[in-house]
> 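Below you'll find the structure I mean.
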Amino acid sequence: MTESPEDNTPAGGRGPTGGTPSHKPYKHPTAGWGAAVSVGKVLLKADEPINSARLMTTMNHEGKGFDCPGCAWPDDQHGLHLDLCENGIKHATWEMTPKRVGPEFFAEHTVTELSAWNDHDLEDQGRLTEPMSYDPGTDRYVPVSWSEAFELFGGSLRELDSPHRALFYTSGRLSNEATFLYQLFVREFGTNNLPDCSNMCHEASGRALTAAVGTGKGTVDLNDIDQADTIFVMGVNAASNVPRMLTALADAYSRGARVIHVNPLIEAASGRTIVPHEFRAMATFHATPTGTMNLQPRIGGDLALLRGIAKSVLERADGGAQVLDEEFLSRFTTGFEDYRALCAQTSWSDLETASGLSSAEIHSAANIYADATRTVIMWCLGITQQEHGVDTVREIVNLLLLRGNIGREGTGLCPIRGHSNVQGNRTCGIDHRPGAEFLDRLAAACDIDPPREPGLDTVRGLEAMDRGEIAVFLGMGGNFALAAPDTDFTAQALGKCALTVHVSTKLNRSHLVHGQRALILPCLGRTERDTQESGEQSVSVEDSMSMVHLSRGMKPPAAPSLLSEPAIIAGLARATLPDSTTPWEHYIGDYDRIRDTMQRALDGFEDFNRRVRGPNGFRLRQPARERIFLTPSGRAEFSLAPLPVSRTGEGLLTLATVRSHDQWNTTIYSANDRYRGVHNLRTLIFLNPEDMRERGLSDMDLVDITSIAKDGSERTVNRYRAIPYDLPRGNAVGYMPELNVLCAIGDFSPQSDQPLMKHLTVSVRRSG
Ligand SMILES: Nc1nc2c(c(=O)[nH]1)N[C@H]1C(S)=C(S)[C@@H](COP(=O)(O)OP(=O)(O)OC[C@H]3O[C@@H](n4cnc5c(=O)[nH]c(N)nc54)[C@H](O)[C@@H]3O)O[C@H]1N2
Ligand SMILES: Nc1nc2c(c(=O)[nH]1)N[C@H]1C(S)=C(S)[C@@H](COP(=O)(O)OP(=O)(O)OC[C@H]3O[C@@H](n4cnc5c(=O)[nH]c(N)nc54)[C@H](O)[C@@H]3O)O[C@H]1N2
Ligand SMILES: [Mo]
């Protein structure tokens, strides 16, 4: 395991090393042969190209096969297409690796030794096979039986003087059935301490949409995207993170729709793509554009841009143009006149300063919007991981309301969710602030008395852990130690726990940054057969557009000793709550039984077992889609947020942390970022060429990056490579999870409690 000489990242966050770092602009279309070649390499590396390739063709196909464990973009309903993507394939094959990391491996390496390995190498050891328990005496993980592991966990929880001294994290992979059992166990135990990856992801969207339209989800489906004549794509690197969306954008372009990309960086999705399932296009290298306009606001400038578009539209209305949907506004909304006044009061010069765009650019986007009949606005982390994330999502709603672009075919709100079942996790009860109605139904359906006080989310949970208030941490999937902000703080906080437990498929940093005692509980992956008492089981997931459908693994389990996630949860629950009347063992014998309870406990799941077996599953009702707004006023509510004021002072930059092309959150496949033209390098910072010149920096110079937190505290990473890039002055971009070191724990948005992962204030200096 070689150490990168140019990387002092303290507690992990390191990609693979080796190869000469380089970069040059990427000039080719997205997907197409570049992706095909990359897929070929991945399948070869998985050592079983044929098997993997065959399995891939059953991924995401109606009624059979497993749901892609990658992103949450919906499946193609027509079922005709080879509807999968390079990164989905990488992701599924990563799980299907023939490599194994069993007890012999752990006997050979102490945890201290493994801590020096980079994160790519840790996960690259393969699939975990046996439950392992940390032995402080030898600093090694040693094998334990499942019953010993459950008993260690249950015993630790039973000893606590309060259930609130335990924290139960979820990453967005967990199936609906496992999720339901998980939250049931946690609430029966007596706490709402259910932090999840959403707390770092789309919390802002959920809160904004609940306040504005009464339900915290998007309103569009794929048909709406097919019918839209204007699509705004905001704050997402779609070519890498939602590749299946490229097809929708290429289709939109081909039928004459406008596709406006809003991003400080010109990302590859705003260029051209070769649609992978169009064999002729592949054969002839025919590329279709996936964008018609690029707007490059400054980081955090989106609210001002949206307000500017609204102002421009309202100015046209004042001039007598018929650009407002007056009937919709009067029947379905409240607060319009105040919003109109606010737009009128906001000066163009303030909007230009706050957005980083000229009024001419804003007017041209506004003209497209005003002339469009059907508009969809999509957004992802560039919008949500901001100080003003909630205000910005509400501004998206404001803009759509002006022209009745919610609840009409071809229009609507489209938050792009991240993990494949992160939306389903929320629907099925992962929420540290559950509503009374949800708890009442859960109590009645499951005969429990759930706690009513709100629990801790990711940031508050870490703060409580740091104060010594959390004794037990359980991570249901994910890689909490690396995904969370402030890597060193998080590592220290986890170290203060008496017990840390991770249910995982692969070895990762969170297993090495442990409490006094620690457990690794290995589980089946989504691609694998899950056989229980009544036979092979399926689980269900919900995609970004509220479609619930079944997923069934087909590969033999990676090891005979693996348990399914529902079975592990049932084991943990029984060991913790020996007298529980919940039929844990009965549930896991046949997941239909879990679904039978879910249909009584959850809104919208009536007749669950039958409906989920339909060809494409079923769609959960989204009232806002039917113009039923479950807000206090019964209408869609305009918001009146002030424009954000930039915190960046003289000589400081605003930095956003993002993913590269070859990465899945904390899982690093390689040190390449194909669409940004980067090879063999992750310790980098993209800078505006003028900002580099001002600092006397040249391409590939080594720099130190220091973040300045709101409380004035500083955090530094050393010897990162400066790379000139087309982004606004005063802005910078680098990779997560390496740069999580710089995200101060106290720097979260008061609106969403989300860490400001796209809005760090930093200084950049040549390394001394
Ligand atoms: N292959 C792959 N797919 C993934 C993931 C992965 O890691 N790998 N992760 C999954 C998860 S959990 C999620 S949440 C999604 C994340 O998907 P993305 O949201 O695409 O994630 P990021 O890579 O963080 O990219 C954020 C984008 O926002 C832009 N941005 C930064 N600041 C601003 C701003 O102020 N305004 C605007 N308009 N844009 C800004 C960045 O330039 C970048 O294009 O992807 C999911 N899909
Ligand atoms: N600085 C910065 N930090 C960020 C972000 C950012 O943009 N910038 N993005 C945030 C976002 S959007 C998110 S969603 C979080 C992601 O945070 P997490 O969801 O916690 O992290 P992942 O990297 O997705 O988790 C990877 C691990 O999941 C485990 N795993 C994989 N498949 C399975 C499975 O089927 N079952 C189980 N039990 N385990 C499995 C494997 O052991 C693997 O090591 O990170 C957040 N952190
Ligand atoms: Mo996410």
Side-chain angles (χ1 to χ4, degrees), residues 69-73 85-88 90-91 94-95 119 122-123 128 169-175 178 196-202 233-243 261-267 269 295-302 305 379-386 392 416-420 422 458 475-485 502-511 521-527 565 568 654 656-667 669 686 727 731 733-743 754-755 757-760:
C71 73
W73 189 257
C85 73
E86 174 194 357
N87 276 347
K90 271 194 231 160
H91 208 51
W94 192 250
E95 176 176 302
D119 297 286
L122 290 175
E123 285 212 25
L128 295 156
Y169 178 69
T170 330
S171 149
R173 288 285 198 89
L174 212 56
S175 67
D196 67 348
C197 67
S198 261
N199 299 151
M200 302 181 267
C201 187
H202 267 290
V233 183
M234 303 186 73
V236 61
N237 172 16
S240 296
N241 295 334
V242 210
H261 291 264
V262 180
N263 201 310
L265 266 57
I266 309 269
E267 298 280 33
L295 291 171
Q296 281 181 279
R298 67 168 42 129
I299 293 172
D302 301 83
L305 163 64
W379 70 94
C380 201
L381 301 181
I383 300 297
T384 58
Q385 292 180 329
Q386 303 280 355
T392 308
I416 300 163
R417 307 303 304 256
H419 269 300
S420 51
V422 62
T458 295
M476 271 311 292
N479 188 358
F480 185 74
L482 265 197
H502 291 276
V503 177
S504 313
T505 51
K506 294 242 185 151
L507 181 62
N508 68 36
R509 185 71 43 190
S510 296
H511 307 137
L521 305 180
C523 65
L524 291 173
R526 204 179 270 180
T527 56
E565 286 164 325
I568 294 174
T654 304
T657 59
V658 303
R659 292 144 180 78
S660 75
H661 185 67
D662 262 3
Q663 133 178 34
W664 178 274
N665 298 337
T666 67
T667 298
Y669 303 118
F686 295 114
L727 46 74
N731 286 178
V733 165
Y735 296 133
M736 62 88 62
E738 285 84 346
L739 292 180
N740 289 34
V741 176
L742 300 181
C743 302
Q754 271 190 244
M757 291 163 162
K758 299 275 186 283
H759 209 276
L760 285 73

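Because the structure is predicted, anything quoted here is derived from the model rather than measured. Just so you know, ligand 1 is whichever comes first in the structure, and atom 1 is the first atom listed for that ligand. Note that the numbering runs from 1 along the sequence shown for the chain.
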> So is His419 polar-close to ligand 1, meaning N/O to N/O under 3.5 Å?
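For ligand 1, there is no N or O atom that lies under 3.5 Å from one belonging to His419.
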> Just let me know how Cys523 lines up against ligand 2, side chain, backbone, both or neither, with a heavy-atom cut-off below 4.0 Å.
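The answer is the side chain of Cys523.
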> Gln385 to ligand 1: N or O pair under 3.5 Å?
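No: no nitrogen or oxygen of Gln385 is under 3.5 Å from one in ligand 1.
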> Tell me the protein heavy atom at minimum distance from atom 45 (O) of ligand 1, and give that distance in Å.
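Scanning the protein heavy atoms, the shortest distance from atom 45 (O) of ligand 1 goes to Asn241 CB, 3.5 Å.
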> Ignoring angles and geometry beyond distance, decide whether Arg417 reaches within less than 3.5 Å of ligand 1 through its nitrogen or oxygen atoms.
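In this structure, Arg417 places no N or O atom under 3.5 Å from an N or O of ligand 1.
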> Taking distance alone, with no angle check, do Leu507 and ligand 2 share an N/O pair under 3.5 Å?
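For ligand 2, there is no N or O atom that lies under 3.5 Å from one belonging to Leu507.
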> What part of Leu381 sits under 4.0 Å from ligand 2 if we count only heavy atoms: the side chain, the backbone, both or neither?
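Just the side chain.
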> At a non-hydrogen distance cut-off of under 4.0 Å, which region of Asn508 contacts ligand 2 (side chain, backbone, both, or neither)?
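Looking at Asn508 and ligand 2, just side chain atoms fall under 4.0 Å.
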> Which of these, Asn237, Leu305, Val233, has its nearest heavy atom closest to atom 20 (O) of ligand 1?
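Answer by nearest heavy atom: Asn237.
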> I need the nearest protein heavy-atom contact for atom 34 (C) of ligand 1: residue, atom name and distance, please.
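Going atom by atom, the protein heavy atom closest to atom 34 (C) of ligand 1 ends up being Gly382 O, 3.3 Å.
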> Checking Pro755 now: which residues fulfil side-chain contact (heavy atoms from CB on, under 4.5 Å) with it, not counting sequence neighbours?
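With sequence neighbours excluded, Pro755 shows a side-chain contact (heavy atoms from CB on, under 4.5 Å) to Met200, Val459, Pro485, Met757, given in chain and number order.
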> Hey, is Gln386 touching ligand 1 through its side chain, its backbone, both or neither, going by heavy atoms under 4.0 Å?
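Looking at Gln386 and ligand 1, just side chain atoms fall under 4.0 Å.
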> List in chain and number order the residues that pass side-chain contact (heavy atoms from CB on, under 4.5 Å) with Ala269, two or more places apart in sequence or in another chain; answer none if no residue qualifies.
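Ala269 satisfies side-chain contact (heavy atoms from CB on, under 4.5 Å) with Ala238, Ala239, Leu246, His261 once adjacent residues are dropped.
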> For atom 38 (N) of ligand 2, grab the closest protein heavy atom and report residue, atom and distance to one decimal in Å.
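Of the protein heavy atoms, Glu565 OE2, 2.7 Å lies nearest.
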> Nearest protein heavy-atom contact for atom 30 (N) of ligand 2: which residue, which atom, what distance?
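The closest one turns out to be Thr505 OG1, 3.3 Å.
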> Atom 35 (O) of ligand 1: which of Ser240, Gly300, Pro264 has the nearest heavy atom?
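Minimum heavy-atom distance to atom 35 (O) of ligand 1 goes to Gly300.
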> Check contact between Lys758 and ligand 2, using heavy atoms of the residue and a distance below 4.0 angstrom.
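True for this residue.
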> Do any nitrogen or oxygen atoms of Ile299 lie less than 3.5 angstrom from nitrogen or oxygen atoms of ligand 1?
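N/O-N/O distance under 3.5 Å: no.
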> On a heavy-atom basis, I'd like to know which of Pro737, Gly478, Ala656 is closest to atom 29 (C) of ligand 2.
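Answer by nearest heavy atom: Gly478.
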> Tell me, which protein residue and heavy-atom name are nearest atom 32 (N) of ligand 2, and how many Å apart are they?
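Among all protein heavy atoms, the one nearest atom 32 (N) of ligand 2 is Arg173 NH1, 2.4 Å.
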> For atom 8 (N) of ligand 1, what is the nearest protein heavy atom, given as residue, atom name and distance?
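Protein heavy atom with the smallest distance to atom 8 (N) of ligand 1: Gln663 O, 2.7 Å.
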> Test your reading of the structure: does Leu265 have an N or O sitting under 3.5 Å from an N or O of ligand 1?
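Not met; the criterion fails.
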> Considering non-hydrogen atoms of the protein only, which is the closest contact for atom 11 (C) of ligand 1, and what is the distance?
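Atom 11 (C) of ligand 1 sits closest to the protein heavy atom Gly418 CA, 3.3 Å.
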